[in-house]
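Have a look at the structure below before the remarks.
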Amino acid sequence: MSVLDLVCYARTHSPFYKDLYDGIDPSAPLSGLPVIDQAAFWTANTVRDNQVLTRAHTDGLIFKTGGTTKAPRVSFYTNEEWDAMCRTYADTLPAAGLRHGDRIANLFAAGELYSSFIFALNSLQRSPIDLVQLPITGSAPVEFTLTTMQDFDATVVAGFPTTLCRLASHVVAEAGSLPLVRLILFSGEALYDDQRALLSEAFPQAEFRSFVYGSVDGGIIGTAVLGSDDPRVFRSFVDSSVLEIVDAETGELITSPGRPGRLLQTDLTRRLQPMIRYPVGDLAEWVDVEDGIFRLLGRADEGARVGPVTLHLDHLRAAVDRAGVVHNGVQIVIRRVDARDQLVLRIAGAAQDFDAVRAEVYVISPRFELQVGRGTVAPLAVEWVPALEVNPRSGKTVRLIDERPC
């Protein structure tokens with residue numbers, strides 16, 4: 001479907017898009033259309049009295065995602081749309097490093113309207129190369145997962161980094177390592193250096209590759225680039241979607257490599273729940289515009305706003321690392337203390353040098369230090385915990401928890 005056909009269909013059949021495009025020239029180019037406001041989109045995209053859908057949902061699948069705030073979003077797919085998406089992605093599986101005859105332990109999240117396990121299962125079934133699947137799920141006991149991988153000589157393990165690390169800890173403790181595993185496919189979360197170290201201990205022969213870059217709401221956005229060692233580099237699906245990178249402040253379309261901006265997606269295959277100029281929530285830069293190759297630069301919307309100061313979550317985690325803290329994850333918590341915002345770093349690990357952590361936080365944000373000194377925000381706090389809070393459905397670590405009253 002062309003962009004023009006999709007836009008015409010959406011504005012004719014979806015009340016949300018009809019209002020959004022009111023007064024806009026029907027022949028306007030994609031870049032001339034408004035960027036979707038996520039809050040407005042998800043307010044309209046409800047379970048009942050839905051204003052986004054173009055027709056009644058009579059076939060297909062329904063998924064939910066919790067996201068970092070755990071506020072559920074509902075995505076609707078027809079059978080045809082879901083099948084097309086899985087087939088499109090399946091054709092790129094060799095670029096992710098899969099080989100003929102691989103035995104893949106699928107540890108993605110299953111059930112409770114979660115999509116990752118089903119997407120992996122369906123896509124791998126449509127692979128152009130022969131593969132064997134071990135449909136274990138990420139919620140299976142690690143004892144069962146380890147035994148199953150040993151019994152069936154798994155060569156690939158796929159899942160969220162949080163799930164993979166939980167398995168790796170058990171592997172190291174009970175089996176030492178699994179040298180037959182040659183490939184780790186991760187998705188859904190960033191994979192950090194401390195996690196790589198643990199995974200390399202458990203799976204010493206494995207290389208790390210991204211399984212897919214996508215989301216429940218946006219669908220598939222990018223796939224691994226064959227020959228690239230940078231896990232942040234992806235190739236867009238140019239035949240089924242249009243990706244744009246726009247200036248975060250002005251909305252200007254960026255067409256030159258190396259310039260950061262917000263990533264927008266337009267899915268050309270989804271007519272039931274159209275996604276047109278949808279901000280996927282990430283910052284990116286073009287590597288090769290003609291080939292549709294881009295590099296992710298982190299979340300566009302994952303900043304911790306503490307009083308008048310915004311601190312990027314990845315920068316805070318890096319500060320903990322630079323402080324020399326040995327840990328198994330960092331979670332950012334914002335709460336109200338004595339009528340002031342307080343930044344809390346919740347660190348999975350034994351209590352260590354708080355002063356070093358605070359010093360590194362002040363390095364990344366002198367403004368935060370200034371506001372603490374002024375009493376505008378409460379002093380930094382650190383909580384040392386055995387484990388971080390996870391999304392109860394997906395098992396993924398919740399990166400940002402805002403405990404402030406609404």
- Could you tell me whether Asn79 atom CG has more than 12 heavy atoms of other residues or ligands within 6.0 Å of it? yes

- Query: Any salt bridge (Lys or Arg N to Asp or Glu O under 4.0 Å) pairs touching residues 327-341, not counting sequence neighbours?
  - Reply: Arg335-Glu383, Arg335-Glu403, Arg336-Asp341, Asp341-Arg404

- Is there side-chain contact between Asn45 and Asn50, with heavy atoms separated by less than 4.5 Å? yes

- Is it the case that Arg271 places NZ or CZ above or below the six-membered ring of Tyr9, under 6.0 angstrom from the centre and within 45 degrees of the axis? yes

- Do the rings of Phe41 and Phe16 sit parallel, tilted or perpendicular, given the 30° and 60° boundaries? perpendicular

- Not counting sequence neighbours, list each pair that qualifies as a salt bridge (Lys or Arg N to Asp or Glu O under 4.0 Å) and has a residue in residues 197-218. Arg73-Asp217

- Kindly say whether Leu107 contributes a backbone atom to a donor-acceptor pair with the side chain of Thr137 at under 3.5 angstrom? no

- Item | Test side chain to side chain donor-acceptor pair (under 3.5 Å) applied to Ser365 - qualifying residues, sequence neighbours left out | none

- Note on the structure: Residues passing the salt bridge (charged side-chain N to carboxylate O under 4.0 Å, His left out) test with Arg196, sequence neighbours excluded, are none

- Going by distance alone, is a donor N or O of one side chain under 3.5 Å from an acceptor N or O of the other, for Asp5 and Ser2? yes

- Checking salt bridge (charged side-chain N to carboxylate O under 4.0 Å, His left out) for the pair Arg182/Asp102: CA distance, chi angles, key distance, verdict? CA-CA 9 Å; Arg182 63 166 199 83; Asp102 267 331; 2.5 Å; yes

- Task: Could I get the full list of salt bridge (charged side-chain N to carboxylate O under 4.0 Å, His left out) partners for Arg126, not counting sequence neighbours?
- Result: Asp83

- Evaluation steps, side-chain contact (heavy atoms from CB on, under 4.5 Å), between Ile332 and Ile401: CA-CA 6 Å; Ile332 313 305; Ile401 300 173; over 6 Å; no

- Message: Between the side chains of Arg259 and Glu285, is the shortest nitrogen-to-carboxylate-oxygen separation below 4.0 Å, so that they form an ion pair?
- Response: no

- Kindly assign one of parallel, tilted or perpendicular to the pair Phe368 and Tyr362, based on the angle between their ring planes and the thresholds 30° and 60°. tilted

- Query: Is the backbone of Val181 close enough, under 3.5 Å, to the side chain of Gln205 for a donor and an acceptor to pair up by distance?
  - Reply: no

- Task: For the residue pair Ile276 and Tyr21, establish whether any side-chain heavy-atom pair is separated by less than 4.5 Å.
- Result: yes

- Among Phe160, Phe186, Phe117, which residue meets the ring-ring contact (aromatic ring centres under 6.0 Å, His included) test with Phe108? Phe160

- Query: With no hydrogens and no angle check, do the side chains of Tyr213 and Asp282 hold a donor and an acceptor under 3.5 Å apart?
  - Reply: yes

- Item | Student check: side-chain heavy atoms of Leu388 and Val398 closer than 4.5 Å | no

- Message: Angle between ring planes, Trp82 versus Phe63, binned at 30° and 60°: parallel, tilted or perpendicular?
- Response: tilted

- Main-chain N/O of Pro274 paired with Tyr17 side-chain donor or acceptor, under 3.5 Å: yes

- Query: Any sub-3.5 Å donor-acceptor pair from Gln51's side-chain atoms to Asp49's backbone N or O?
  - Reply: yes

- Message: Less than 3.5 Å apart, any donor N or O on the side chain of His327 or Asp321 sitting next to an acceptor on the other?
- Response: yes

- Do any N or O atoms from the side chain of Gln265 and from the backbone of Gly218 form a donor-acceptor pair under 3.5 angstrom? yes

- Item | salt_bridge(Arg358, Asp355) N-O dist < 4.0 Å | yes

- Item | Donor-acceptor contact below 3.5 Å, side chain His170 vs main chain Leu146 | no

- Item | Donor-acceptor pair between Asp267 and Ser241 side chains, under 3.5 angstrom | no

- Lys/Arg-Asp/Glu bridge criterion (N-O < 4.0 Å) met for Arg55, Asp59: yes

- Item | All pairs passing salt bridge (Lys or Arg N to Asp or Glu O under 4.0 Å) where residues 168-180 contributes a residue, at least two apart | none

- Please confirm whether the backbone N or O of Ala90 pairs with a side-chain atom of Ser127, one donor and one acceptor, at under 3.5 Å? no

